[in-house]
Amino acid sequence: QVQLVESGGGLVQAGGSLRLSCVASINTFCISTMGWYRQAPGKERELVATITRPGSTYYADSVKGRFTISRDNAKNTVFLQMNLLKPEDTAVYYCNVAVTPGCTWLSGDYWGQGTQVTVSS
């Protein structure tokens with residue numbers, strides 16, 4: 001059974017930092033793009049950042065210059081370093097892993113259970 005286990009969320013004051021981690025229990029060769037999404041109360045889930053297997057990154061405009069996504073392919077892990085946090089960053093953060101097309105015995109993508117990030121003003 002595929003599992004994505006997230007950690008690193010919590011409560012922090014505005015201007016502070018947090019680092020999220022997500023470990024995927026998937027054959028490393030079946031992991032393609034990894035990413036982080038977030039969902040604030042009353043809002044739709046939105047993309048925060050993604051990183052391809054070779055390391056190309058994408059960031060939402062709202063987090064550019066403050067958040068950094070990285071991955072360790074050997075450990076099937078993706079990270080999100082969040083600096084200069086703002087109250088509007090408060091949300092549940094979800095890890096997402098896209099499966100390599102050749103791994104047909106797996107679903108298209110998988111989600112973590114979510115980790116709460118709360119930024120106080």
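The first residue of the sequence shown is numbered 1, and numbering continues consecutively from there. The figures here come from the full heavy-atom set of this structure, side chains too, leaving out hydrogens, waters and symmetry mates.
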For this session: Scan residues 1-14 for pairs that pass side-chain hydrogen bond (donor to acceptor under 3.5 Å, both in side chains), counting only residues two or more places apart or in two chains.
Result: none
Seminar exercise, completed: For residues 47-111, the disulfide (SG to SG under 2.5 Å) pairs (sequence neighbours left out) are C22-C95, C30-C103
For this session: Report the residues that fulfil side-chain hydrogen bond (donor to acceptor under 3.5 Å, both in side chains) with T57, sequence neighbours left out, ordered by chain and then residue number.
Result: none
Exercise. Which pairs count as salt bridge (charged side-chain N to carboxylate O under 4.0 Å, His left out) when at least one residue sits in residues 18-34, sequence neighbours excluded?
Worked result: none
For this session: Quick one: list whatever passes ring-ring contact (aromatic ring centres under 6.0 Å, His included) with Y37, sequence neighbours left out.
Result: W111
Exercise. Does V117 have any side chain to side chain contact (heavy atoms under 4.5 Å, CB included) partners at least two apart in sequence or in another chain, and if so, which?
Worked result: L18, L20, M82, Y93, V119
For this session: Any salt bridge (charged side-chain N to carboxylate O under 4.0 Å, His left out) involving residues 40-51? Give me the pairs, sequence neighbours left out, ordered by first then second residue.
Result: R38-E46
Exercise. Does anything in residues 102-121 pair up under salt bridge (charged side-chain N to carboxylate O under 4.0 Å, His left out), and if so which pairs, sequence neighbours excluded?
Worked result: none
For this session: Scan residues 47-84 for pairs that pass ring-ring contact (aromatic ring centres under 6.0 Å, His included), counting only residues two or more places apart or in two chains.
Result: none
Seminar exercise, completed: Sorted by chain and residue number, the side-chain hydrogen bond (donor to acceptor under 3.5 Å, both in side chains) partners of T118 (sequence neighbours excluded) come out as Q116
Problem set entry | Any residue meeting side-chain hydrogen bond (donor to acceptor under 3.5 Å, both in side chains) with R66, in chain and number order, not counting sequence neighbours | D89
Problem set entry | Listed partners of D72 passing side-chain hydrogen bond (donor to acceptor under 3.5 Å, both in side chains), at least two apart | none
Exercise. Do L4 and V78 belong together in a cluster built from hydrophobic side chains that touch within less than 4.5 Å?
Worked result: yes
